[in-house]
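Encoded as structure tokens, the structure appears first; notes follow it.
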Amino acid sequence: MSKVDTVTYKFALKLKIERAKKGLSQEELAELAKISSSTVSLIERGVQSPTVETVGAIAKALDIELYKLFIFDI
């Protein structure tokens with residue numbers, strides 16, 4: 001399995017897309033989600049998988065239903 005096929009990578013790409021749709025920087029998303037901007041960066045680069053709590057905080061910050069972050073039609 002290549003890196004591109006992993007759930008971590010697909011989640012990273014989906015998060016970047018959703019953040020861009022909202023016009024938010026990584027720092028702004030981090031502030032809204034009450035996580036560090038370095039955590040957002042690590043997640044978006046596919047280096048780190050987020051915890052369930054972090055995914056929930058990100059979804060709330062993006063004003064998106066949590067499950068939609070896992071629809072990988074990209």
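We use all heavy atoms of the structure for the numbers below, so side chains are in, but hydrogens, waters and symmetry mates are not.
- Between E44 and R19, the closest side-chain pair of non-hydrogen atoms falls below 4.5 Å.
- Within 6.0 Å of atom CD in Q48, more than 12 heavy atoms from other residues, nucleotides or ligands are found, so the atom counts as buried in its surroundings.
- Proximity of a side-chain donor or acceptor of K10 to a complementary backbone N or O of F72 within less than 3.5 Å is not detected.
- There is no side-chain donor-acceptor pair under 3.5 Å between T6 and T8.
- A donor-acceptor pair under 3.5 Å is formed between the side chain of E28 and the backbone N or O of S25.
- Distance check: K60 NZ to K34 NZ gives 7.0 Å after rounding to the nearest 0.5 Å.
- You'll find the side chain of P50 reaches within 4.5 Å of the side chain of F11, heavy atoms only.
- No salt bridge links E18 with K22; every basic N to acidic carboxylate O contact stays at or beyond 4.0 Å.
- Each of V40, I43, T39, L32 was checked for a side chain to side chain contact (heavy atoms under 4.5 Å, CB included) with I58, and the lone residue meeting it is I43.
- Atom OG of S36 is separated from atom CD of E27 by 10.5 Å, given to the nearest 0.5 angstrom.
- The shortest heavy-atom contact between A33 and A57 is O-CB, 3.5 Å.
- A distance-only check finds a donor-acceptor pair linking the side chain of K14 to the backbone of I71 [under 3.5 Å].
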Query raised in the report: Can you check side chain to side chain donor-acceptor pair (under 3.5 Å) on S38 and S41, steps first, answer last?
Result: CA-CA 5 Å; S38 62; S41 175; over 6 Å; no

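- Contact between A61 and L29 at its shortest, heavy atoms only, is CB-CD1, 3.7 Å.
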